[in-house]
A.B. asks: 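Before anything else, here's the structure in question.
Note that these values count all heavy atoms, side chains included, but never hydrogens, waters or copies made by symmetry. Remember, it's a predicted structure, so these values are computed and weren't measured experimentally. One-based numbering, in listed order, for ligands and for the atoms of each.
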Amino acid sequence: MSDVEVKQQVRKFYDQVGWQVVSDGFYQNARYEDLRPVSREYIERCHQRVNRHLVKPGKYLLDAGSGPIQYPVYLTYMDGYQYRLCADISIVALQEARKRIGDRGLFVVADVANLPFKADAFQGVVSLHTLHHLPIAEQKKAYQDLYRVLDVGSAAVLVNGWTESKLMKRWHWLERLMEGVGGWVARLRGKKPAEVTLVEKKEKGQNSVTKPTGTFVEKLDANWLRRELAGKDLQILVWRSVSVRFLRAVIHTPLAGKLWLKLLFALEESNPTYYGELGQYPLIVFRKKNGI
Ligand SMILES: C[S@@+](CC[C@H](N)C(=O)[O-])C[C@H]1O[C@@H](n2cnc3c(N)ncnc32)[C@H](O)[C@@H]1O
């Protein structure tokens with residue numbers, strides 16, 4: 001499939017499926033997140049990490065691949081900015097985003113790898129869970145383009161899963177064990193065991209919509225990113241070290257799930273670089289300094 005066809009497929013998916021409201025006011029896309037009360041506080045605190053690095057106040061915040069600004073915490077990213085420019089290839093995403101931020105938003109159907117904006121235009125950039133949709137060569141372009149449109153003295157904050165997480169690999173036995181126990185308990189209660197396949201595939205970028213095409217031999221890891229952004233002021237920190245599949249398998253209210261997540265959050269805070277590089281989801285921060 002050509003790069004253009006991949007993008008068409010992604011756009012079609014989000015227009016027709018991903019950004020359709022399915023139940024309880026949630027978008028279909030939220031099925032890939034852990035929305036259970038036991039994980040809520042941890043997930044919210046991870047989302048808040050984005051705010052630490054944005055340089056405020058500023059006029060324009062670019063949200064590259066904004067989607068519909070689906071979670072209330074996403075609204076906090078624009079505090080301190082006059083306008084949030086939402087760029088997305090899905091028109092439905094932008095229509096939904098407009099319902100949330102109205103006049104403070106600007107909405108542009110655009111490709112994050114070919115941004116139609118002049119250099120240094122934005123005093124802040126956020127991009128969450130979007131670049132993994134692009135074929136690898138396009139991801140490189142997208143990183144460079146996001147850097148290009150970032151204003152001098154400002155910061156871009158990106159969240160994107162690694163191809164493979166060493167930490168999740170190391171803890172895989174626990175995930176498998178707990179999935180086994182969970183399935184057994186579900187059967188005892190006469191319920192169907194939880195579906196993990198879809199989430200697992202999505203996190204690894206393997207479903208038909210997110211899978212990068214072509215000769216995808218390069219792995220997206222910390223070394224790859226450092227090479228791509230060589231010479232730039234780059235930090236790789238932790239956004240969230242564990243996958244949704246791990247959360248769903250291991251974290252449960254009767255097993256002191258909230259407490260475990262508090263501990264995990266404290267560990268991540270104590271060594272953000274380690275958990276960022278080895279965990280599932282890094283928080284990638286780059287700043288543009290004078291003349292670089
Ligand atoms: C997983 S959603 C994430 C949305 C939002 N950032 C969030 O975290 O909820 C990915 C979004 O990226 C958009 N997208 C995918 N490829 C894109 C591209 N090449 N250019 C612009 N947007 C893209 C999709 O339409 C979708 O809205």
A.B. asks: Under 4.0 angstrom from ligand 1, any heavy atom of W19?
C.D. replies: yes
A.B. asks: State, without any angle test, whether Q280 and S243 hold a side-chain donor-acceptor pair at a distance under 3.5 Å.
C.D. replies: no
A.B. asks: Side chain, backbone, both or neither: which part of A110 comes within less than 4.0 Å of ligand 1 when only heavy atoms are counted?
C.D. replies: backbone
A.B. asks: If you count the atoms of ligand 1 from 1 in the order shown, which ones are under 4.0 Å from a heavy atom of Y74?
C.D. replies: 7 (C), 8 (O), 9 (O)
A.B. asks: Using a strict 4.0 Å cut-off to heavy atoms of Q70, name the atoms of ligand 1 that fall inside it.
C.D. replies: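 That gives atoms 7 (C), 9 (O) of ligand 1.
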A.B. asks: Where does S66 meet ligand 1, judged by heavy-atom distances below 4.0 Å: at the side chain, the backbone, both, or neither?
C.D. replies: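 For S66, the contact with ligand 1 is made by the backbone alone.
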A.B. asks: When you look for heavy atoms under 4.0 Å from ligand 1, do you find them on the side chain of L134, its backbone, both, or neither?
C.D. replies: side chain
A.B. asks: Does NZ or CZ of R104 lie under 6.0 Å from the centre of the six-membered ring of Y83, at an angle within 45° of the ring axis?
C.D. replies: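 R104 over Y83 ring: no.
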A.B. asks: May I ask you to check if ligand 1 and A87 share an N or O to N or O distance below 3.5 Å?
C.D. replies: no
A.B. asks: Side-chain donor-acceptor pair under 3.5 Å between H47 and Y42, yes or no?
C.D. replies: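 No.
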A.B. asks: Any chance the side chains of Y275 and E269 put a donor and an acceptor closer than 3.5 Å?
C.D. replies: no
A.B. asks: Might you confirm whether atom CH2 of W171 has over 12 heavy atoms from other residues, nucleotides or ligands at distances under 6.0 Å?
C.D. replies: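 It does: W171 CH2 has more than 12 such atoms within range.
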A.B. asks: Side chain or backbone of H129 under 4.0 Å from ligand 1, or both, or neither, by non-hydrogen atoms?
C.D. replies: both
A.B. asks: For ligand 1, which is the ligand I care about here, please tell me if Y14 has any N or O atom under 3.5 Å from one of the ligand's N or O atoms.
C.D. replies: no
A.B. asks: In residues 58-69, what donor-acceptor pairs under 3.5 Å come from side-chain atoms, sequence neighbours left out?
C.D. replies:
from, atom 1, to, atom 2, distance (Å)
D63, OD2, R84, NE, 3.2
D63, OD2, R84, NH2, 2.9

A.B. asks: Check ligand 1 against S90 and write out every atom of the ligand that is under 4.0 Å from a heavy-atom position of the residue.
C.D. replies: 25 (O)
A.B. asks: Answer yes or no: does an N/O atom from N29 fall short of 3.5 Å to an N/O atom of ligand 1?
C.D. replies: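 Min N/O separation from ligand 1 is not below 3.5 Å for N29.
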A.B. asks: So does R52 have more than 12 non-hydrogen atoms from other groups sitting under 6.0 Å from CZ?
C.D. replies: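 Yes - once you tally the heavy atoms of other residues, nucleotides and ligands closer than 6.0 Å, there are more than 12.
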A.B. asks: Is Y71 close to ligand 1, meaning an N/O of one under 3.5 Å from an N/O of the other?
C.D. replies: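 N/O-N/O distance under 3.5 Å: no.
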A.B. asks: Taking CG in D103 as the centre, count heavy atoms belonging to other residues, nucleotides or ligands within less than 6.0 Å. Is the count above 12?
C.D. replies: no
A.B. asks: Using heavy-atom distances only, which candidate in N114, V159, D111, I91 approaches atom 19 (N) of ligand 1 most closely?
C.D. replies: D111
A.B. asks: Show which atoms of ligand 1 fall inside a sub-4.0 Å distance from at least one heavy-atom site of L128.
C.D. replies: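 Every atom of ligand 1 under 4.0 Å from some heavy atom of L128: 3 (C), 5 (C), 6 (N), 8 (O).
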A.B. asks: Which ligand 1 atoms does G67 reach within 4.0 Å, using its non-hydrogen atoms?
C.D. replies: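 Every atom of ligand 1 under 4.0 Å from some heavy atom of G67: 4 (C), 27 (O).
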A.B. asks: Quick check: V10 and ligand 1, any N/O pair under 3.5 Å apart?
C.D. replies: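 No.
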A.B. asks: Centroid-to-centroid, H129 to Y32, below 6.0 Å?
C.D. replies: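 No, they do not, as the ring centres are separated by 6.0 Å or more.
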A.B. asks: Where on I89 is there a heavy atom closer than 4.0 Å to ligand 1, on the side chain, on the backbone, on both, or on neither?
C.D. replies: both
A.B. asks: Once you measure the plane-to-plane angle for Y147 and F286, does it fall in the parallel (<30°), tilted (30-60°) or perpendicular (>60°) bin?
C.D. replies: tilted
A.B. asks: Are there more than 12 heavy atoms of other residues, nucleotides or ligands under 6.0 Å from atom CZ of R100?
C.D. replies: yes
